[in-house]
Amino acid sequence: MTAHAQLGRRRSMVYRARTPLLLGTIAAVCVTTIAALAGTADAATTLGASAAEHGRYFGTALSTAHLGDSAYTTIAGREFNQVTPENEMKWDATEPSQNSFSFGQADQIVNFATSHNMRIRGHALAWHSQQPGWVSGLSGTALRNAMLNHVTTVASHYRGKIFTWDVVNEAFADGGSGARRDSNLQRTGNDWIEAAFRAARAADSGAKLCYNDYNIDNWGDAKTQAVANLIRDFKARGVPIDCVGLQSHFTGGSNYPAGYRTTLSNFAALGVDVQITELDITNANATAYGNVVNDCYAVSRCNGITVWGVRDSDSWRSGENPLLFDGGGNKKAAYTSVLNALNAGGGGNPPPSTTTQPGGGSCTATIVAGTVFGDRYNTTINVSGTNTWIVTVTITAPQKISTTWNISATWDSTGNIMTARPNGSGNSFGFTTMFNGNSTARPRATCRVG
Ligand code: G3I
């Protein structure tokens with residue numbers, strides 16, 4: 001039963017009251033009810049609101065083709081706090097003839113987003129695909145200059161309105177080569193990506209500048225490593241880059257990989273924000289959708305998630321039903337899974353940590369997320385494999401553990417690393433962590449045989 005239904009039931013009980021004694025009893029019931037509702041008041045009821053409570057965004061791609069459909073705009077305006085124009089800011093849409101710009105369609109999306117307090121991801125300034133016909137007649141310096149003029153003009157037009165630009169999209173080849181994708185832009189010289197990023201920064205210094213691609217979800221893949229090397233190179237040479245976008249189309253033969261969280265984390269470690277930019281999953285597997293949220297929340301520099309469309313019928317792959325709403329606009333199981341994961345705020349459980357001793361014996365520490373309060377959260381760790389365990393728990397500052405139970409605890413000098421040993425209370429222990437201004441980080445734990 002929902003909180004609203006419970007409240008309605010309690011109210012009808014109040015109206016049936018007849019005697020002062022009963023009224024007194026019912027007053028007590030109401031106090032209890034209000035207290036219970038207050039305890040659940042933190043759980044947001046829309047995707048964007050929940051993400052915002054945790055300092056992230058949850059967005060969608062929008063298309064002008066559907067802006068006249070009130071079912072579509074109702075869902076979009078209610079659920080999401082970020083928008084990416086699906087096609088309207090691409091080169092063919094914004095510069096149909098050379099140096100003649102057309103922003104009408106893109107402006108419709110921008111206006112919708114602005115009027116609904118949604119942030120806008122610009123997509124995409126330089127891309128080998130969806131180029132206007134006139135571009136095919138250019139090469140070399142003429143094409144390079146046309147591309148730079150396009151980047152400058154579009155980024156300038158939207159200066160101050162875009163929180164992140166996909167400056168360059170899909171510039172690396174698929175497969176094991178790790179090479180650049182062959183394209184007319186690539187043939188203007190290997191420095192075309194760098195040139196595009198510099199032009200975008202000069203045109204709009206307030207927008208985050210992203211490199212965006214698909215099939216960069218496995219850290220070990222050659223394509224992922226090629227993008228990582230591009231970021232390392234840009235960082236080393238001072239070329240402006242602020243983020244990497246993982247499109248994450250887990251559909252059509254490209255699956256959600258087990259190491260996805262590691263990939264997000266490793267990209268973040270290069271000094272860039274990480275954004276999941278075009279998420280869709282074949283048949284919208286609810287568990288996978290929830291886990292993507294957990295993975296993003298586990299990485300503090302993962303700013304947000306964008307799904308690539310509102311309803312299944314709006315999807316570029318509508319036959320695969322990969323989104324959170326069905327064609328009738330109904331919430332699917334994947335929607336509930338995503339909302340629950342967003343509300344858990346990173347409380348989605350990370351994989352257990354297992355250590356095997358060289359001489360035999362093993363220790364597994366499984367983190368179980370507990371209750372989240374306004375200023376703190378609880379965590380339980382279940383240990384298996386040994387009764388003589390030593391579990392090391394690492395907390396992200398400024399968070400701080402305030403209380404522990406069922407362990408004997410010692411601390412390192414920073415106060416952020418706790419070493420826990422059994423205190424005779426069994427193999428399950430817990431602790432409370434104060435947010436101290438960071439409500440997204442969650443503990444990590446490793447285990448060894450003592
Ligand atoms: O609007 C015209 C319509 O007038 C015409 O009758 C019809 C005939 O084919 O085409 C319509 O345009 C189509 C457009 O989507 C709008 O529906 C284009 O043909 C079609 O090519 C275009 O596909 C888009 C695709 O990018 C093009 O590469 C998809 O909507 C869009 O979802 C997709 O998005 C890309 C991202 O930008 C980058 N990452 C991959 C992602 C999926 O391919």
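Read the numbers this way: they start at 1 and go in the same order the structure lists the ligands and their atoms. For the numbers below, each heavy atom of this structure counts, side chains included, while hydrogens, waters and symmetry mates do not.
- Only the side chain of N87 comes within 4.0 Å of ligand 1, counting heavy atoms alone; its backbone N, CA, C and O stay farther away.
- Taking the ring centre of Y289 as origin, the terminal cationic atom of K332 falls outside the region bounded by 6.0 Å and 45° from the ring axis.
- Ring orientation note: the planes of F103 and H157 are close to parallel, at an angle under 30° on the 30°/60° scale.
- At under 3.5 Å, not a single nitrogen or oxygen of W316, backbone or side chain, sits near a nitrogen or oxygen of ligand 1.
- For atom 6 (O) of ligand 1, the nearest protein heavy atom lies 4.0 Å away or farther.
- Shown here, atom 9 (O) of ligand 1 is out of close reach of the protein: none of its heavy atoms lies under 4.0 Å off.
- Taking a cut-off of under 4.0 Å to the non-hydrogen atoms of E170, the atoms of ligand 1 that pass are 38 (C), 39 (N), 40 (C).
- If you check which protein heavy atom lies closest to atom 34 (O) of ligand 1, you get W308 NE1, 3.3 Å.
- Remark: the T64 side chain and the Q105 side chain contain an N/O donor-acceptor pair separated by less than 3.5 Å.
- In this structure, W165 and M89 have side chains that are in contact, with non-hydrogen atoms separated by less than 4.5 Å.
- The atoms of ligand 1 that sit less than 4.0 Å from any heavy atom of N169 are 38 (C).
- Ligand 1 places these atoms under 4.0 Å from at least one heavy atom of W127: 28 (O), 37 (O), 38 (C).
- When only non-hydrogen protein atoms are considered, atom 31 (C) of ligand 1 lies nearest to E86 OE2, 3.4 Å.
- Aromatic pair W389/F429: ring centres closer than 6.0 Å.
- Residue-to-ligand polar distances place Q247 within reach of ligand 1: an N/O pair is separated by less than 3.5 Å.
- In this structure, D213 pairs ionically with K223, as a charged nitrogen and a carboxylate oxygen lie closer than 4.0 Å.
- For atom 42 (C) of ligand 1, a protein heavy-atom neighbour is found at a distance under 4.0 Å.
- For the pair R119 and F163, the cation-pi criterion (under 6.0 Å, within 45° of the ring axis) is fulfilled.
- Using a 4.0 Å cut-off between heavy atoms, Y214 makes no contact with ligand 1 at all.
- Under the rule for a ring pair (Phe, Tyr, Trp, His ring centres under 6.0 Å), the partners of W91 that lie at least two apart in sequence or sit in another chain are W134, H150.
- Distance from atom 27 (C) of ligand 1 to its nearest protein heavy atom, with residue and atom name: Q130 OE1, 2.9 Å.
- Atom 20 (C) of ligand 1 is not flagged as protein-proximal [any protein heavy atom, distance under 4.0 Å].
- The nearest protein heavy atom to atom 38 (C) of ligand 1 is closer than 4.0 Å.
- A side-chain donor-acceptor contact under 3.5 Å links Q247 and N169.
- Every pair passing disulfide (SG to SG under 2.5 Å) that includes a residue from residues 224-293 is listed here, sequence neighbours excluded: C210-C243.
- Here the side chains of N416 and T396 are not in contact, with every heavy-atom distance at 4.5 Å or above.
- Between D312 and R317, none of the side-chain N atoms (NZ, or NE/NH1/NH2) sits under 4.0 Å from a carboxylate O, so this pair counts as no salt bridge.
- Distances from atom 15 (O) of ligand 1 to the protein include at least one heavy-atom value under 4.0 Å.
- In this structure, atom 3 (C) of ligand 1 is not in close contact with the protein, since no protein heavy atom lies within 4.0 Å of it.
- By the definition of a contact as any protein heavy atom under 4.0 Å away, atom 12 (O) of ligand 1 is not in contact.
- For the residues H249, K90, E278, the heavy atom positioned nearest atom 26 (O) of ligand 1 is part of K90.
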